[in-house]
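Below, read A as the first sequence line, B as the second, and so on, with proteins coming before strands; counting in each chain starts at 1. These numbers come from a predicted model, not from an experiment.
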Protein chains: 2
Amino acid sequence: MSKCEQCIIRQFNSLKALTKDELLRISACKTSRIIKKGEVIFEEGESLNGLFCIKDGVCKLTKLSANGKDQIIKLVEKGQILGQRSLISDERTNLRATALNDMELCFIPKAEIIDDLKKNNNFTMDMLKEMADDLREADDFIVNMAQKSVRQRLAEALLNINENFGTNPDGTLSVLLSREDFASIVGTATESAIRVLSQFKKEGLISALGKHIKIEDLEGLKRVE
Amino acid sequence: MSKCEQCIIRQFNSLKALTKDELLRISACKTSRIIKKGEVIFEEGESLNGLFCIKDGVCKLTKLSANGKDQIIKLVEKGQILGQRSLISDERTNLRATALNDMELCFIPKAEIIDDLKKNNNFTMDMLKEMADDLREADDFIVNMAQKSVRQRLAEALLNINENFGTNPDGTLSVLLSREDFASIVGTATESAIRVLSQFKKEGLISALGKHIKIEDLEGLKRVE
DNA sequence: ATTAAAATATGATAATTGTCATGTTTTAAT
DNA sequence: ATTAAAACATGACAATTATCATATTTTAAT
């Protein structure tokens, strides 16, 4: 199995703060997992017993609401870590993680990470910083949800996906989402999401061939009211 | 000026993880501030240069949305800390803090706290835990905003305030909020918040004399659809 | 105590969004 | 290649929520 020390992925998350020795220990106890598109990585309410480091692929973090609909809280991609919150709070997960495409994950057992958190303050501080960033993002998300129309929220969702996950060579968004997923990001009915996307298409803001969506007028999308 | 070491407030937040020596140092450099009801403690986008520890009173954390309306993200009370997120990210604040009643605050300069974070891992871990909890709360908030009706959100807001901030001897909620504040918590128009509260009153779920609101039927409020 | 300003209340109406029905297209399994 | 299932699309209508207008009550300043 490959060594964490040589893994480029590590540079993009808190694990970069670990020392060589710590990385060697983690390499020795980590396990690797392949997850197929659509598969659930962990369920809401599950005990994780460790962290996942995403080596490849993208997944969605969702929470089931009382009315039975899933809400997408966040999309997480290659280089990022899953399960920090439950690890730190020592609680079951509050979200479900589902693969949006085929994924490769490394699993690091809880005991090792906790040990590092206690001994390596740089690591703890780095994780604290990441969590502080997540919290700011969550604040922004709350305001968007509370104060903007479905049309505005969907425009923002497209812009965010474009900004954070980039595009394929043909200009289409690299993350493929169903209309239901879009609805689940902006918190609306699937039909409403479909209607707004169709409208964006008519207005020339985007083009769409099935799930392959391309932003045609970035500035126009930003101006959506 | 009173000593942090003897301050009971400290028991309720991360500062409890500090050592006696650290507390003495903080006592020596902290300043105290009295804030009147309605006054702004800090603005969105301000540089804080430290932490506030709330000795008494309650404040709201709001974020201005693009449409010009304020969204209340969180209510924070006696015993809690303000400014952790911007301290840790070393960024300007993303929220404005406004006193909801007369408050007493202690201000601890950034340099002291950063020093403690670097040296005392228990303190860092404790702060990390608090932030992880905040993040879970934010996730729940997002789902509520995205998936529930104004009526449901307002019912939940009342239940949360009742649970987290308690009641006066006469049974009224101890935190006094204007109808506009309620609207700003659930993300709706002030008129809508007023209408729903009037409806709750008619249905006997609450009674209200101006801002003094009393939950009359807790179970009923929980059942609101 | 008086008075202006702010907060609360309610009606009327418009705009947004959800739900249900139904048809078409795409996808995936055999 | 065929076919069943899932995803996408759109119309019709209902429900929810926002906006505007206006009145009343409460609050705070003089």
Side-chain angles (χ1 to χ4, degrees), chain A residues 36-39 60 65-72 98 100-102 144-157 172 175-203 206-213 224-225, chain B residues 36-39 60 65-71 98 100-102 144-157 172 176-203 206-213 224-225:
Chain A
K36 287 258 165 63
K37 176 182 170 181
E39 262 185 72
K60 60 179 174 183
S65 96
N67 66 15
K69 282 189 192 165
D70 271 328
Q71 174 67 35
I72 295 184
T98 313
L100 288 172
N101 44 37
D102 292 349
N144 282 344
M145 282 301 177
Q147 305 278 355
K148 294 187 178 172
S149 67
V150 169
R151 193 175 146 83
Q152 286 176 306
R153 279 181 267 157
L154 198 37
E156 280 211 29
T172 58
V175 182
L176 295 185
L177 296 169
S178 66
R179 304 294 192 265
E180 196 181 355
D181 283 331
F182 277 110
S184 176
I185 291 174
V186 302
T188 190
T190 305
E191 296 96 323
S192 296
I194 289 173
R195 258 181 260 267
V196 174
L197 284 175
S198 301
Q199 191 59 34
F200 284 169
K201 228 165 121 177
K202 271 186 203 157
E203 296 171 24
I206 64 171
S207 59
L209 273 171
K211 290 183 178 54
H212 300 269
I213 292 175
V224 161
E225 288 285 313
Chain B
K36 287 258 163 65
K37 176 183 171 181
E39 261 186 73
K60 59 179 176 183
S65 98
N67 67 15
K69 279 189 194 166
D70 271 328
Q71 173 67 35
T98 312
L100 288 172
N101 45 38
D102 292 349
N144 281 344
M145 280 301 177
Q147 306 277 357
K148 295 188 177 170
S149 67
V150 169
R151 193 176 145 82
Q152 285 175 307
R153 280 180 267 155
L154 198 38
E156 280 210 29
T172 58
L176 294 186
L177 296 168
S178 68
R179 303 296 192 264
E180 195 180 356
D181 284 332
F182 277 110
S184 176
I185 291 174
V186 302
T188 192
T190 306
E191 295 95 322
S192 297
I194 289 172
R195 258 182 259 269
V196 174
L197 284 175
S198 300
Q199 191 60 33
F200 284 169
K201 227 165 123 177
K202 269 186 204 157
E203 296 171 23
I206 64 170
S207 58
L209 273 171
K211 291 184 179 52
H212 300 268
I213 292 176
V224 161
E225 288 285 315

K.L.:
Grab the CD-C1' distance between B:Gln152 and C:dG18 for me, whole Å please.
P.N.:
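So the CD-C1' distance, B:Gln152 to C:dG18, works out to 13 Å.
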K.L.:
Quick check on DNA chain C: between A:Gly210 and B:Glu191, whose nearest nucleotide comes earlier from the 5' end?
P.N.:
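Closest to the 5' end, via its nearest nucleotide, is B:Glu191.
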K.L.:
Rounded to whole angstrom units, what separation is found between the CD atom of B:Gln199 and the C1' atom of D:dT17?
P.N.:
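The answer, rounded to whole Å, is 14 Å.
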K.L.:
Look at the side chain of A:Arg195 against the base of C:dT19 and say whether a donor-acceptor pair falls under 3.5 Å; ignore hydrogens and angles.
P.N.:
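Answer yes: a donor N or O sits under 3.5 Å from an acceptor.
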K.L.:
Mind checking what makes side-chain contact (heavy atoms from CB on, under 4.5 Å) contact with B:Gln147, not counting sequence neighbours?
P.N.:
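A:Ser65, A:Asn67, A:Lys69, A:Gln71, B:Val143.
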K.L.:
Is A:Lys69 close enough to C:dT19 that one of its side-chain N or O atoms is under 4.0 Å from OP1 or OP2 there?
P.N.:
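Checking C:dT19 against A:Lys69, a side-chain N or O does come within under 4.0 Å of OP1 or OP2.
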K.L.:
When rounded to the nearest 0.5 angstrom, what distance separates NZ in B:Lys60 from CG in B:Leu177?
P.N.:
8.0 Å
K.L.:
Take the protein atom CG of A:Leu176 and the nucleotide atom C1' of C:dT26, then report the distance between them rounded to whole Å.
P.N.:
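Value for this atom pair: 14 Å.
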K.L.:
Start at the 5' end of DNA chain D and walk down; is the nucleotide closest to B:Thr188 or to A:Ser178 reached first?
P.N.:
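Final value for this comparison: A:Ser178.
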K.L.:
D:dT26, OP1 or OP2 - any side-chain N/O from B:Lys211 closer than 4.0 Å?
P.N.:
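Negative; the distance criterion is not met.
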K.L.:
D:dA6 P sits how many Å from A:Glu180 CD, rounded?
P.N.:
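In whole Å, D:dA6 P and A:Glu180 CD are 12 Å from each other.
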K.L.:
Under the criterion side-chain contact (heavy atoms from CB on, under 4.5 Å), I'd like the reasoning laid out for B:Val196 against B:Phe182: C-alpha separation, chi angles, the key distance, then a yes or no.
P.N.:
CA-CA 10 Å; B:Val196 174; B:Phe182 277 110; over 6 Å; no
K.L.:
Heavy-atom count around A:Glu180 CD within 6.0 Å, excluding the residue itself: above 12?
P.N.:
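Counting neighbours around CD of A:Glu180, 12 or fewer heavy atoms of other residues, nucleotides or ligands fall under 6.0 Å, so no.
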K.L.:
Write down the distance between CG (A:Leu154) and C1' (C:dT16), rounded to a whole number of angstrom.
P.N.:
15 Å
K.L.:
So does B:Ser198 get a side-chain nitrogen or oxygen closer than 4.0 Å to the phosphate oxygens (OP1/OP2) of C:dT10?
P.N.:
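Yes, because at least one side-chain N or O of B:Ser198 sits under 4.0 Å from OP1 or OP2 of C:dT10.
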K.L.:
Could you state the atom-to-atom distance from CD of B:Gln147 to P of D:dT16 in whole Å?
P.N.:
16 Å
K.L.:
Could you tell me the separation between the NZ atom of A:Lys201 and the P atom of C:dT25, rounded to a whole number of Å?
P.N.:
12 Å
K.L.:
Which whole-number value in Å describes the distance from A:Arg151 CZ to C:dT17 P?
P.N.:
10 Å
K.L.:
Under a 3.5 Å cut-off for both contacts, is D:dT25 paired Watson-Crick or G-U wobble with anything, and if yes, with which nucleotide?
P.N.:
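The base-pairing partner of D:dT25, which may sit in any strand shown, is C:dA6.
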K.L.:
Tell me, with the steps shown, if A:Leu176 and A:Asn101 meet side-chain contact (heavy atoms from CB on, under 4.5 Å).
P.N.:
CA-CA 8 Å; A:Leu176 295 185; A:Asn101 44 37; over 6 Å; no
